[in-house]
Undergrad: 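Pasting a structure below so you can have a look.
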There are 2 protein chains.
Amino acid sequence: MSAMPQRRRGGRDQLLAVALRLFARDGIQATSLQGIADEAGVTKAGLYYHYKTKDEIVLDVLKPLLDALPAVTRRAEAHRTRAARVDEVLGGLIEIALHEHSGFVVLMQDPYLTRLLGQQESMRQWWDETSALMLGPDPDPQTRIGLAMFISGLVGASRDPAMADLDDRTRRQTLLECGRRLLQRD
Amino acid sequence: MSAMPQRRRGGRDQLLAVALRLFARDGIQATSLQGIADEAGVTKAGLYYHYKTKDEIVLDVLKPLLDALPAVTRRAEAHRTRAARVDEVLGGLIEIALHEHSGFVVLMQDPYLTRLLGQQESMRQWWDETSALMLGPDPDPQTRIGLAMFISGLVGASRDPAMADLDDRTRRQTLLECGRRLLQRD
DNA sequence: GTCTATACGTCGATAGAC
DNA sequence: GTCTATCGACGTATAGAC
């Protein structure tokens with residue numbers, strides 16, 4: 001019983017790693033199955049042993065991320081003060097942005113994925129619930145838009161060259177400070 | 001001698017407007033010339049009378065934006081204090097994000113365009129110059145990353161539903177406040 | 001200037017040998 | 001499980017009639 005990811009050539013986990021890298025770099029639409037197969041050292045038909053369609057690969061690649069987001073919200077709901085809930089969500093999103101950066105880019109920006117998930121509506125529902133949790137009742141526009149800027153800006157900020165100089169703890173702290181500033185009440 | 005944009009069916013300006021809308025919605029790669037031609041009411045071959053390649057269309061679509069960005073920087077350079085330069089750049093970028101939102105999305109997020117412009121290096125050079133102008137000498141990481149979050153977050157913030165309720169002046173003011181918070185020194 | 005028709009490559013996906 | 005070979009659809013781009 002091996003729960004370890006199998007990174008063997010052509011193994012599922014290696015296919016997913018290759019696909020994620022290419023999706024983040026070139027976009028899903030521009031990433032061909034041929035390209036994934038080449039980089040993974042298998043043939044195009046080899047992919048079809050593991051997956052029936054390209055969309056199945058896309059969803060499997062994003063699965064860990066799509067599970068991680070509701071988990072953050074569930075942890076935040078356990079807190080009793082709004083400030084604590086905000087910090088929990090900010091910290092959780094920052095953690096994801098830093099350590100699953102490729103997936104986060106795809107999730108936030110790829111129009112192919114937007115269309116694929118748009119049919120499900122689950123993503124929008126998660127964000128409505130989570131933002132309501134952070135903003136509380138009757139949020140002012142400034143805070144509302146500050147939150148939108150944070151979630152959208154997290155992609156670019158975590159890719160910034162200045163990030164390279166910082167250790168992991170400082171990265172989290174810096175991004176958290178950005179979020180707090182954007183969400184502070186007047 | 002008519003300097004007015006020609007919005008006639010199949011005119012260049014209408015082609016560009018259609019292309020921009022589709023690029024922003026679906027991504028450049030996923031937007032076929034067939035799709036542009038259909039929406040513009042011409043045939044695919046009709047496009048090739050105006051443009052030799054798809055890339056030529058892309059660059060022409062983004063031309064106004066690629067000219068507007070250095071113009072913002074030039075205006076900012078005229079100011080004598082750092083605070084004034086920062087406000088000038090923030091205001092200029094906000095103006096662009098609000099009123100050329102489709103183009104701004106494509107410019108900031110489309111990997112096809114990143115590759116196309118990556119060959120030229122001009123975009124990176126503009127941002128290096130502009131961020132240096134805003135950050136001044138020896139910027140601390142917090143400010144540096146705050147700026148990265150602002151520029152990247154501007155796309156999402158200007159698309160937020162809460163924006164719909166606000167008048168134009170309030171939108172600018174709200175986004176400017178976000179930028180000031182992210183760029184303030186400790 | 002705009003059309004029809006088409007060349008030629010690559011796409012996602014399938015069939016069948018080994 | 002992985003391969004070769006191939007399918008039909010669609011991509012960009014071109015040729016030539018009107």
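Throughout, protein chains are lettered first and strands after them, A, B, ... in sequence-line order, and every chain is numbered starting at 1.
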Undergrad: Measure NZ/A:K44 against C1'/C:dA15 and give the value in whole Å, please.
TA: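 So the two atoms are 14 Å apart, to the nearest Å.
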Undergrad: Rounded to the nearest angstrom, tell me the gap between atom CD in B:Q29 and atom C1' in C:dG12.
TA: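 Result: 14 Å.
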Undergrad: Which nucleotide, D:dT12, D:dA15, C:dC11, lies nearest any side-chain atom of A:Q34?
TA: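 So the nucleotide nearest the side chain must be C:dC11.
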Undergrad: Is it true that the NZ or CZ of A:R181 lies under 6.0 Å from the centre of A:F150's six-membered ring and within 45 degrees of the ring axis?
TA: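 Judged by the rule (NZ or CZ under 6.0 Å from the ring centre, within 45° of its axis), A:R181 is not positioned above A:F150.
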Undergrad: Would you tell me if any nitrogen or oxygen in the side chain of B:Y48 comes within less than 4.0 Å of OP1 or OP2 on D:dA13?
TA: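 Affirmative; the distance criterion is met.
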Undergrad: According to salt bridge (charged side-chain N to carboxylate O under 4.0 Å, His left out), does anything in residues 133-161 of chain B pair up with another residue at least two apart or in another chain? List the pairs.
TA: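 Matches after skipping sequence neighbours: A:R144-B:D160, A:D160-B:R144, B:D140-B:R185.
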Undergrad: Under 4.0 Å: is that the gap between some side-chain N or O of A:S32 and OP1 or OP2 of C:dT10?
TA: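 It does not, given that no N or O in the side chain of A:S32 lies less than 4.0 Å from OP1 or OP2 of C:dT10.
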Undergrad: Just how far, in rounded Å, is P of D:dA13 from OH of B:Y51?
TA: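 It is 14 Å, rounded to the nearest whole Å.
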Undergrad: Considering only side-chain heavy atoms of A:T53, which listed nucleotide, C:dA15, C:dA13, D:dA13, is closest?
TA: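 In terms of side-chain proximity for A:T53, the closest of C:dA15, C:dA13, D:dA13 is C:dA13.
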Undergrad: Roughly, in whole Å, what's the span from CG in B:D38 to C1' in D:dC10?
TA: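 After rounding, the reported distance stands at 13 Å.
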Undergrad: Rounded to the nearest angstrom, tell me the gap between atom NZ in B:K52 and atom P in D:dA15.
TA: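 To the nearest whole Å, that distance equals 13 Å.
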Undergrad: Report yes if a donor N or O on one partner sits less than 3.5 Å from an acceptor N or O on the other, where the partners are the side chain of B:K54 and the base of D:dG11; otherwise report no.
TA: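 Flag unset: no donor-acceptor pair detected.
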Undergrad: In whole Å, what is the span from the CD atom of B:E56 to the P atom of D:dT12?
TA: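 Interatomic distance, CD of B:E56 to P of D:dT12: 15 Å.
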Undergrad: So what does A:T43 touch, heavy atoms closer than 4.0 Å: a base, only the sugar-phosphate, or nothing?
TA: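 Answer is base: heavy atoms of A:T43 come under 4.0 Å of a base.
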Undergrad: Whole Å only: how far is the CD1 atom of B:I36 from the P atom of D:dC10?
TA: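 My rounded result for the distance is 17 Å.
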Undergrad: Please assess A:F23 against A:D110 for the test side-chain contact (heavy atoms from CB on, under 4.5 Å), listing each intermediate value before the final yes or no.
TA: CA-CA 9 Å; A:F23 288 162; A:D110 200 296; 5.5 Å; no
Undergrad: With sequence neighbours left out, write down each residue that passes side-chain contact (heavy atoms from CB on, under 4.5 Å) with B:P70, or none if nothing qualifies.
TA: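 Result, side-chain contact (heavy atoms from CB on, under 4.5 Å) vs B:P70: B:R74, B:W126.
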Undergrad: So if I take every side-chain heavy atom of A:Y49 and compare against D:dT14, D:dT2, C:dG12, which nucleotide ends up nearest?
TA: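 Among the listed nucleotides, the one closest to the side chain of A:Y49 is D:dT2.
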Undergrad: Are A:R85 and A:E88 close enough for a salt bridge, meaning some N to O gap below 4.0 Å?
TA: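 Judged by the 4.0 Å cut-off on N to carboxylate O distance, A:R85 and A:E88 do not form a salt bridge.
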Undergrad: Rounded to whole angstrom units, what separation is found between the NE2 atom of A:H50 and the P atom of C:dG12?
TA: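 Distance check: A:H50 NE2 to C:dG12 P gives 17 Å.
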